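Naming: A, B, ... by sequence-line order, numbering from 1 per chain. All of these numbers come straight from a predicted model, not from anything done at the bench. Both backbone and side-chain heavy atoms feed into the values below; hydrogens, waters and symmetry mates do not.
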Amino acid sequence: MTLKGPPGTQDWLPERMAIRRAVVDRATAIFGAAGYAELAVPLFEETGLFERTSGESSEVVTKEMYSFRDRGDRAISLRPELTAGIVRAYLQHGLHKRPQPVRVFTCGTAYRYNRPQRGRLREFVQFDAEAIGSHDAAVDAELIALQMAWLEAIGMTGLELEVNSIDTPAARRLYVADLRDYLDRHAAELSDDVLRLRDTNPLRAFDTKHERSQAILADAPKITDRLSTEAAAHFAEVRAFLDARGVSFRVEPTLVRGLDYYTHTAWEIKWPALGAQSTVSGGGRYDGFAEVLGGPPTPGVGFAAGIDRIVLALEDQGIAGALVGPVAIDVFVQITEPAARPALHALLDRLRLAGVSAEADLAGRSDKGQWKHAERVGARIVVQCGPSDWAAATVTVRDRERGGSEAVALTRLVDDIVERIRG
RNA sequence: GUGGGCGUAGCUCAGCUGGUAGAGCACCGGGUUGUGGUCCCGGCGGUCGCGGGUUCGAGUCCCGUCGCUCACCCCA
């Protein structure tokens, strides 16, 4: 093997691609039916877009971006997530003039330079939905509910939905100050990584694997206990909408989002058996986002789902195959008279035009090899054309499902096949 | 960025204490089989990740390197 894709990339060969396609198609159908419209935004943006919106302190921006200068000396980065580009497009094209909220979805790749492992690649695929332009808690709940409906529709079971409110940045700062005080008081017993997080990202301290630190953090102040009245009211509304829908969830007071721009509602859907990277989908509200970009105050909510992880989970559950129906074609044309090839290949086009899936040998296979191939591709009908058929301007049609064979004039073949398939 | 495990045919793997490369599946061909997704035979296919070293001789030992993988970290 001399050629290999770069680390952290993967090829989607046809079998897995069919699963991915089915997963995304299901999302498209569900979100489409709810009124979300598809859009697409660039794979790369000016680096500043991500720097301003993700927060300079976040790992994603500081060391995980694929950044470079283009030939015009512009600072460019491959998108590490999809939300920023969508919000940028919303502002750039004045979508605030349309009925609010503007609800859109997209599916595409994003890029993050980190060490690959199961469920974490450098190029990964996300399905992303955003609803921009409304504060209404009903929007948050709708996104969560659609997401759960989608994941359940593709057969996932054992999902865990966690929700939390992380309030507004201003309120969060007050809480973080309290949390820092608490950590300082217990500094002697905390692990180094927790102390490091105390400075960089205190909310993340709760995620530590260190047992002693976990015990201490169990008694630390929780953001849920000191939400501003506005945030508490919004959060209560979201929960009420979810309850009314029968969506079961758990309030997780230590749940945080990775990017800085999030406010109020935050949620994550996990499939624990996936391993260390068990978050299959995560989202939240980002009411301050547009202002950071220099736009007018614009609320928004959205989520991103990791398609790679979802496909992994489906494969683990052994239900990936069920999503992709059996692959079979209607007709295989077995040609054992070389002179007949051009005419019969032309006939393939006519069959296909008539809505019949049809194939013939493309690799110089022997008579027997062609038959075996017909079986392999699951052809229901095999049309044979040998020297004597060709001389008589007929073909032999064998119906593998019903049995039996019949000579059919070449001129009548398309009609004959269509009758068999429809009948 | 930090650790652990692993790297032999397209895939899954075997190769004992170093002696010069194998199986199954897949693919192609032939035979057989009640119109035939069986069975049998044959063929194709490998610089044993790469580079050094030890040795008469290394897939097998040592060092380095690259890659994969799991975990940390981070997050979808």
Given [options], which nucleotide is nearest the side-chain atoms of [X]?
X         : options                : value
Arg118(A) : C70(B), C73(B), G37(B) : C70(B)
Pro7(A)   : C74(B), G67(B), U69(B) : G67(B)
Arg376(A) : C73(B), C72(B), C28(B) : C28(B)
Phe124(A) : C74(B), A71(B), A76(B) : A76(B)
Glu64(A)  : C74(B), C73(B), A76(B) : C74(B)
Ala276(A) : U69(B), C73(B), A71(B) : A71(B)
Gln126(A) : A76(B), G30(B), C27(B) : A76(B)

Looking only at side-chain N and O atoms, does [X] come under 4.0 Å of OP1 or OP2 in [N]?
X         : N      : value
Arg204(A) : C75(B) : yes
Arg365(A) : C28(B) : yes
Ser366(A) : G29(B) : yes

* Structure fact -> Comparing Ile269(A) with Pro6(A), nearest RNA chain B nucleotide closer to 5' gives the residue Pro6(A)

* Could you check Thr208(A) against Arg400(A) and say which one's nearest nucleotide on RNA chain B is further toward the 5' end? => Arg400(A)

How many whole angstroms separate atom [atom1] of [X] from atom [atom2] of [N]?
X         : N      : atom1 : atom2 : answer
Leu121(A) : G67(B) : CG    : P     : 15 Å
Leu13(A)  : C11(B) : CG    : C1'   : 12 Å
Glu252(A) : C75(B) : CD    : P     : 16 Å
Lys368(A) : G42(B) : NZ    : P     : 15 Å
Gln10(A)  : U69(B) : CD    : C1'   : 14 Å

* To do: Check for a donor-acceptor pair, side chain of Thr106(A) on one end and backbone N or O of Asp128(A) on the other, with a separation under 3.5 Å.
  => no

* To do: Keeping the roles fixed (side chain from Arg198(A), backbone from Leu183(A)), state whether a donor-acceptor pair exists under 3.5 Å.
  => no

* Step by step, work out the salt bridge (Lys or Arg N to Asp or Glu O under 4.0 Å) result for Glu142(A) and Arg103(A). => CA-CA 11 Å; Glu142(A) 175 178 88; Arg103(A) 296 178 302 157; 2.8 Å; yes

* Asked: According to the interplanar angle, ranging from 0 to 90°, do the rings of His234(A) and His264(A) count as parallel (below 30°), tilted (30 to 60°) or perpendicular (above 60°)?
  -> tilted

* To do: Classify the angle between the aromatic ring planes of Phe303(A) and Trp267(A) as parallel (below 30°), tilted (30 to 60°) or perpendicular (above 60°).
  => tilted

I'd like a table of atom pairs between the protein and nucleotides 1-8 of chain B - only N or O on both sides, under 3.5 Å - with the distance next to each one.
residue	atom	partner	partner atom	Å
U2(B)	O4	Arg115(A)	NH1	3.0

* Under 4.0 Å between a Lys/Arg side-chain N and an Asp/Glu carboxylate O for Arg180(A) and Asp184(A)? -> no

Write down the distance separating the [atom1] atoms in [N] and [M], rounded off to the nearest Å.
N      : M      : atom1 : value
U8(B)  : C61(B) : P     : 14 Å
G59(B) : G51(B) : P     : 12 Å
C6(B)  : C74(B) : C1'   : 24 Å
C40(B) : U32(B) : P     : 16 Å
G64(B) : A21(B) : C1'   : 26 Å
G18(B) : A76(B) : C1'   : 48 Å

* Tell me what Gly8(A) touches on the nucleic acid: a base, only sugar-phosphate, or nothing, going by heavy atoms under 4.0 Å. => sugar-phosphate

* Assign Val382(A) to base, sugar-phosphate, or nothing according to its heavy-atom contacts below 4.0 angstrom with the strands shown. => nothing

* Structure fact -> Under a 3.5 Å limit on both distances, the Watson-Crick or wobble mate of C44(B) is none

Under-3.5 Å donor-acceptor pair between [X] side chain and [N] base:
X         : N      : result
Lys372(A) : G29(B) : no
Arg309(A) : C75(B) : yes
Gln117(A) : C68(B) : no

* Asked: Taking everything shown except Arg16(A) itself, do over 12 heavy atoms lie less than 6.0 Å from its CZ?
  -> yes

* Give me the one residue out of Phe105(A), Phe127(A), Tyr36(A) that meets ring pair (Phe, Tyr, Trp, His ring centres under 6.0 Å) with Trp150(A). => Phe127(A)

* Just one of Ile381(A), Val382(A), Val331(A) clears the side chain to side chain contact (heavy atoms under 4.5 Å, CB included) bar with Val397(A), so which one? -> Ile381(A)

